Amino acid sequence: MAHYSYSHALIGGILIGLASLIAAVLTGKVPGISGIFGRLLLPSTPDKLWRAVFLAGLIGGAALSFALWESAALFRPTRPLAVMAWAGLLVGFGTRLGKGCTSGHGVCGVATGAKDSIAATMIFVGVAMMTVFVYNLINP
Amino acid sequence: MKPGRLFGVLIAGGLFGTGLALSGMTDPARVIGFLDVFGDWDPALLFVMAGAVATYGLGTFALRRFAGAGEKLPTTKSEPIDRRLVIGAGIFGVGWGLIGFCPGPALANLGALRIEALIFVLAMVGGMVIAQQVFGADSEQ
């Protein structure tokens, strides 16, 4: 992890916050990734265009970063592909049922002091930490 | 939405993806390292959250207070902490802890055409569609 530092983490976080702020001002919606993406999958959603454009920007920006910085391109999946699929199903279902993910609840909600988001963030971070603990226990 | 505004949304998406990649959120091992508090804990993602929360929080505060942009910003009214929120956040936590992907970083990794991200995102679409169609969970955020 020689190429990585806390300053990268902090600068990346500031960029995420700034991007969320710009998106909130331009769209008038809380820019949570699970909500932006999930509503794109709903036939009845009237404002699909900006959602698709935002996500295209997100994927493009990441692709550019992977090409530019070695530290950003670092990718070390630690679990088998079958676990990936189960995790994806749980993340998709849970974020929509729980009304938000790390960005909608964890960043925007927490930053504006929304009590439901603070509760949700404490729950998903806590449960994720317990999940890692149990997974490591079963698969040493 | 006007083209100029839409271009702004594209830039915002680009900044978001850059932030995710730069911060290390797109590397599952690093996210697992942050979640592994009982093992070899890596506190780096606290800095990501701190940077993002401070920027969004101070930004919305400043826009409301000094630019009078309050009505343009989304309302931040807290919804009730009900059973759905608790169960949903719990299920999300299990999925996140299993592999270290939350929705943003998973989508960002599509930018590198990674098979892991593709499998995860396809499964995530399935989970979202079930929540939305079967349980009517169509919230905005």
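All figures in this text were calculated on a predicted structure; none of them were measured in a lab. In what follows, chains carry the letters A, B, and so on, assigned in the order in which the sequence lines appear, proteins first and then strands, with residues in each chain numbered from 1.
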Spatial distance of atom OH (B/Tyr56) from atom OG (A/Ser20) [nearest 0.5 Å]: 7.0 Å
Trace of the ring-ring contact (aromatic ring centres under 6.0 Å, His included) decision for B/Phe135 with A/Phe93: CA-CA 10 Å; B/Phe135 295 87; A/Phe93 183 81; 5.3 Å; yes
At a 4.5 Å cut-off on heavy atoms, which part of A/Trp50 comes close to chain B: side chain, backbone, both, or neither? both
Side chains of B/Leu63 and A/Leu21 in contact at under 4.5 Å (non-hydrogen atoms): yes
Could you tell me which portion of A/Ile118 (side chain, backbone, both or neither) has an atom closer than 4.5 angstrom to a non-hydrogen atom of chain B? neither
So among A/Leu90, A/Val91, A/Val134, which one has a side-chain contact (heavy atoms from CB on, under 4.5 Å) with B/Val94? A/Leu90
Using modelled atom types only, decide if a donor and an acceptor are shared between the side chain of B/Arg5 and the backbone of A/Leu26 within a distance under 3.5 Å. yes
Can you tell me which portion of A/Arg79 sits under 4.5 Å from chain B's heavy atoms? Options are side chain, backbone, both or neither. side chain
Is there a chain of hydrophobic side chains (I, L, V, M, F, W, Y, each step under 4.5 Å between heavy atoms) that links A/Ile14 to A/Val110? no
Evaluate the side-chain proximity of A/Thr27 to B/Met1: yes if any heavy-atom separation is below 4.5 Å, no if none is. yes
Do A/Leu15 and B/Val53 belong to the same hydrophobic cluster, where Ile, Leu, Val, Met, Phe, Trp and Tyr are linked whenever their side-chain heavy atoms lie under 4.5 Å apart, directly or via other members? no
Quick check on B/Val37 against chain A: is it the side chain, the backbone, both or neither that has a heavy atom closer than 4.5 Å? side chain
With a 4.5 angstrom heavy-atom cut-off, is it the side chain or the backbone of A/Pro80 that approaches chain B, or both, or neither? neither
Distance check, rounded to the nearest 0.5 Å: B/Leu85 atom CG versus A/Ile123 atom CD1? 6.0 Å
Euclidean distance, B/Asp40 CG relative to A/Asn136 CG, rounded to 0.5 Å: 10.5 Å
Which region of B/Val86, side chain (C-beta onward) or backbone (N, CA, C, O), has a non-hydrogen atom less than 4.5 Å from a non-hydrogen atom of chain A, or is it both or neither? both
CG on B/Leu10 to CG on A/Leu55, rounded to 0.5 Å: 11.0 Å
Does the Lys NZ or Arg CZ of B/Arg30 fall within the cation-pi geometry relative to A/Phe75 - under 6.0 Å from the ring centre and within 45° of the axis? no
What part of B/Val125 gets within 4.5 angstrom of chain A, counting heavy atoms only: side chain, backbone, both, or neither? both
Please look at B/Asn109 and chain A and tell me whether the side chain, the backbone, both or neither of the residue comes under 4.5 angstrom of a heavy atom of that chain. both
Quick one: are A/Leu89 and B/Met124 in side-chain contact, heavy atoms under 4.5 Å? no
Heavy-atom proximity to chain A below 4.5 Å, by part of B/Phe38: side chain
Measuring from atom OG of B/Ser23 to atom CD1 of A/Ile11, what distance do you get when rounded to the nearest 0.5 angstrom? 11.0 Å
Describe, in one word, how the ring planes of A/Tyr6 and B/Phe47 are oriented to each other, choosing from parallel (under 30°), tilted (30 to 60°) and perpendicular (over 60°). parallel
Main-chain N/O of A/Asp116 paired with B/Glu79 side-chain donor or acceptor, under 3.5 Å: no
Between B/Gly90, B/Gly97, B/Ala106, B/Gly13, which has the largest tally of heavy atom pairs under 4.5 Å with chain A? B/Gly13
Interface moiety of A/Ser117 toward chain B, non-hydrogen atoms closer than 4.5 Å: side chain
Would you check if A/Ser44 and B/Gln132 make a side-chain contact, meaning some heavy-atom pair closer than 4.5 Å? no
What I'd like to find out is whether the side chain of A/Pro77 reaches to under 4.5 Å of the side chain of B/Phe101, using heavy atoms alone. no
Hey, which of B/Leu15, B/Thr18, B/Leu107, B/Leu110 is the one that makes side-chain contact (heavy atoms from CB on, under 4.5 Å) with A/Leu58? B/Leu107
Top of A/Gly12, A/Gly13, A/Ala56 for chain B proximity - count of heavy-atom pairs under 4.5 angstrom: A/Gly13
Portion of B/Phe7 that has a non-hydrogen atom of chain A nearer than 4.5 angstrom: neither
Taking side chain as everything from C-beta outward and backbone as N, CA, C, O, which of these in A/Thr102 sits under 4.5 Å from a heavy atom of chain B? Side chain, backbone, both or neither. both
Is a side-chain donor or acceptor of A/Arg39 paired with a backbone partner of B/Asp138 at a separation under 3.5 angstrom? yes
